[in-house]
Chemist: 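One structure is given below, represented as structure tokens, and several questions about it will come after.
Computation of the quantities below employed the complete heavy-atom set of this structure, encompassing side-chain atoms and omitting hydrogens, waters and symmetry-equivalent molecules. Lettering follows sequence order; numbering is per chain, from 1.
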Protein chains: 2
Amino acid sequence: MENQVTAHEVAKLAGVSQSSVSRVFTKGASVSKETRKKVLEAADQLGYRPNEYARSLITRRSSLVGLVMKGVSNPYYPHAVKKFTAELKKKGYSVLLIDTDDVELQMQDIDALLSYHVAGVVIMDATASFQTAEMLKRFRIPAVLFNRVVPGSGLHSVSCENEEAAREIARLLIGRGCESFTYVGGREGASTHIERLKGFTEELKKHGFGCQVLPGDFTYAAGYRNGAELIESGRLTDAVFAVTDLMAYGIYDAFRDRGIRVPEQVKLVGFDDIEMSSWSPYNLSTYVHPVDRMVALSIELLLDPVRSLEDGEVHYLPGEMILRGTT
Amino acid sequence: MENQVTAHEVAKLAGVSQSSVSRVFTKGASVSKETRKKVLEAADQLGYRPNEYARSLITRRSSLVGLVMKGVSNPYYPHAVKKFTAELKKKGYSVLLIDTDDVELQMQDIDALLSYHVAGVVIMDATASFQTAEMLKRFRIPAVLFNRVVPGSGLHSVSCENEEAAREIARLLIGRGCESFTYVGGREGASTHIERLKGFTEELKKHGFGCQVLPGDFTYAAGYRNGAELIESGRLTDAVFAVTDLMAYGIYDAFRDRGIRVPEQVKLVGFDDIEMSSWSPYNLSTYVHPVDRMVALSIELLLDPVRSLEDGEVHYLPGEMILRGTT
DNA sequence: CTGAAAGCGCTTACAG
DNA sequence: CTGAAAGCGCTTACAG
């Protein structure tokens, strides 16, 4: 950074004032064609780039958006991350990556977000605590929960239409002739889990069916464990709906390892449509999120000067059922 | 950012100078116990955080490290990303995430890296071009290629000991009695592919064996295609070594779908030991990278004031063979 | 140990 | 359209 080319040096080479150099790199500022040309040439020659620190400092606006993720968890997220960085890049923002270890944002992470006074933060796969929400609100940092809803947090949420999707899955399974059902869930408290459970069991009840509910934590291992128990306890049902594809794989493998055949003996449905669901050992029927639209809406909420700081809007976007070989 | 609390306000509340406030938040600066206490209390009350833009501007040092990744590709990378963010956080750095669409860094990405004059950049899963390398060198931005080597680029590289690992895999397969071999590769030009191919074929040759080499691109789909062709063309060998686990899964599934049994009819080995390799449909024998040590060394190289800007060091770290059910 | 002051590299009124 | 100047919020010699 010691050897950084400054606007001043560009100005000297171009024979204009430093202000003019700045104007060339500030969109919306008026510069004559000739000045622009001279500046651009000098800048190119010297390899000039406006210093973003100075820029953010003086404009009091950050070009950084915080992306909070839980690192290695569901392969569903990398897709969304990619989409976010691409869309934000188009709008001139860069991404500050926060990789939390735990379910909650760490103090150190919050500090980073605040020190850079990020333009906004996207929280993925983390059950943001009220404390985090309060912190963000106190510092007036717009935030949106992606694929999560935390009622009462006042944060914006953009999710898939979980409840309705789960109802659709229930109807699908009933239509396939299933009469007994199991729901294998995710981490308690996670809205995706709660909403899918609600939609699934309610729709089943509407048709006169009950539902066995098994606890989980969104991992393959928990899926496997549940699948194994289902068999070994003799409580296997006609159909199993797993809160995520990842858990569905575990369940499927536990079934396969025990000689239970899908879909002949049991129908299986997941949620997310991550890449592996189309691989031949699984070929899983599942429900796909409208990720592109979810990302676009998240960014819209985050960057809107008015809505971004208003009370949390909760959006549920419809996805689509993907029928494959497990139903 | 309009409503940001400044050191000046903290100073006023604490009844000290703004300099003293700054010193409290600058490690290594000397402040009396009493002053520190007053400042900390005032800062806490106001929710003060040093503005990182002002700090970076005046110190001419960035607390940002660029992490370049190719988004949704091999699940091997999210692990490394998590490790990087965690280790960098410990050292006081935050991560600027660059998600490239292509194999090469885009101009816009480079610009972001330069505008923030990042302290360093880690390039993962991207075959950095010479142009990129030149750019980084011109601006004196330390860079390390993670899991890749680009000879002649002058960039630091930290990789797994690919060649020796591939030799070990060859010996393992020979030891299992295999007499004919196939190598399914990755994207042409990728050092991981080149090195693993070299080690594997050379070691086989040393023992008097040849090797059929199939082209790939690191994807599951290419693995599947190759696996299918192997069977359909009647050129199946006793053993198959895939450049990555991801490709090995595709190969395995193509075999499975065609009734070929692993490891009875063909032995299969992958590379990376990503999560799915321990799942029961695969239970894949593979080779695991020493990710923790690779990350630690990368950061060491990046942040060392001397080595960071010297000519590229190329490091190969030994990993470990993981024997599972496919061999 | 502490305060006053200079200055990092920008943007943006303010005049002209 | 353009330049001189103020100022964003910090760190860090420099005195004391």
Chemist: If pairs are Watson-Crick or G-U with both distances under 3.5 Å, what is the dot-bracket string of DNA chain D, marking crossing pairs with [ ] and pairs to another strand with |?
Modeler: |||.||||||||.|||
Chemist: Which residues pass the side-chain hydrogen bond (donor to acceptor under 3.5 Å, both in side chains) test with Y93(A), not counting sequence neighbours?
Modeler: none
Chemist: Give me the residues of residues 21-39 of chain B where at least one heavy atom lies under 4.0 Å from an atom of DNA chain D, by number, or none.
Modeler: S22(B), R23(B), T26(B)
Chemist: Could you name each residue pair satisfying side-chain hydrogen bond (donor to acceptor under 3.5 Å, both in side chains) that touches residues 21-34 of chain A, not counting sequence neighbours?
Modeler: S32(A)-T35(A)
Chemist: Does V16(B) or Y48(A) map to a spot on DNA chain C nearer the 5' end, using the closest nucleotide for each?
Modeler: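 Comparing both residues, the 5'-ward one is V16(B).
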Chemist: Could you work out, with ring-ring contact (aromatic ring centres under 6.0 Å, His included) as the rule, every residue matching Y316(B), not counting sequence neighbours?
Modeler: none
Chemist: Are any protein N/O atoms closer than 3.5 Å to N/O atoms in nucleotides 6-8 of chain D? If there are, list each pair with its distance.
Modeler:
| residue | atom | partner | partner atom | Å |
| --- | --- | --- | --- | --- |
| dC8(D) | O3' | R60(A) | NH2 | 3.4 |

Chemist: Can you list the residues that meet the side-chain hydrogen bond (donor to acceptor under 3.5 Å, both in side chains) rule with R49(B), with sequence neighbours excluded?
Modeler: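 In terms of side-chain hydrogen bond (donor to acceptor under 3.5 Å, both in side chains), with neighbours along the sequence ignored, R49(B) is linked to D111(A).
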Chemist: List the residues meeting side-chain hydrogen bond (donor to acceptor under 3.5 Å, both in side chains) with Q108(B), not counting sequence neighbours, and say none if there are none.
Modeler: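 Partners of Q108(B) by the side-chain hydrogen bond (donor to acceptor under 3.5 Å, both in side chains) criterion come out as none, since no residue qualifies.
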Chemist: Applying ring-ring contact (aromatic ring centres under 6.0 Å, His included), which residue pairs with at least one partner in residues 16-47 of chain B are found, sequence neighbours left out?
Modeler: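 Matches after skipping sequence neighbours: F25(B)-Y48(B).
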Chemist: The criterion is side-chain hydrogen bond (donor to acceptor under 3.5 Å, both in side chains); which residues satisfy it with R307(B), sequence neighbours excluded?
Modeler: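 Partners of R307(B) by the side-chain hydrogen bond (donor to acceptor under 3.5 Å, both in side chains) criterion, ordered by chain and then number, come out as E300(B), E313(B).
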Chemist: To the nearest Å, how far apart are Y116(B) OH and dC10(C) C1'?
Modeler: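 After rounding, the gap between these two atoms is 14 Å.
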Chemist: Who are the salt bridge (Lys or Arg N to Asp or Glu O under 4.0 Å) partners of E41(B), not counting sequence neighbours?
Modeler: K37(B)
Chemist: Are the charged groups of K89(B) and D99(A) less than 4.0 angstrom apart, N to O?
Modeler: no
Chemist: Under the salt bridge (Lys or Arg N to Asp or Glu O under 4.0 Å) rule, collect the residues that match up with D304(A), sequence neighbours excluded.
Modeler: none
Chemist: Is E87(B) paired with K90(B) through a side-chain N to carboxylate O contact shorter than 4.0 Å?
Modeler: yes
Chemist: Rounded to the nearest angstrom, tell me the gap between atom CG in N51(B) and atom P in dG9(C).
Modeler: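 The distance from CG of N51(B) to P of dG9(C) comes to 16 Å, rounded to the nearest Å.
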Chemist: What's the NE2-P distance between H8(A) and dA5(D), to the nearest Å?
Modeler: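 Distance, rounded to whole Å: 12 Å.
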Chemist: Is the shortest side-chain N/O distance from S19(A) to OP1 or OP2 of dG3(D) below 4.0 Å?
Modeler: no
Chemist: Could you tell me how far apart E52(A) (CD) and dC10(D) (C1') are, to the nearest whole angstrom?
Modeler: 17 Å
Chemist: With a cut-off of less than 4.0 Å, is there a side-chain N or O of S20(B) near OP1 or OP2 of dC1(C)?
Modeler: no
Chemist: Using whole Å, report how far OH of Y53(B) lies from P of dT11(D).
Modeler: 16 Å
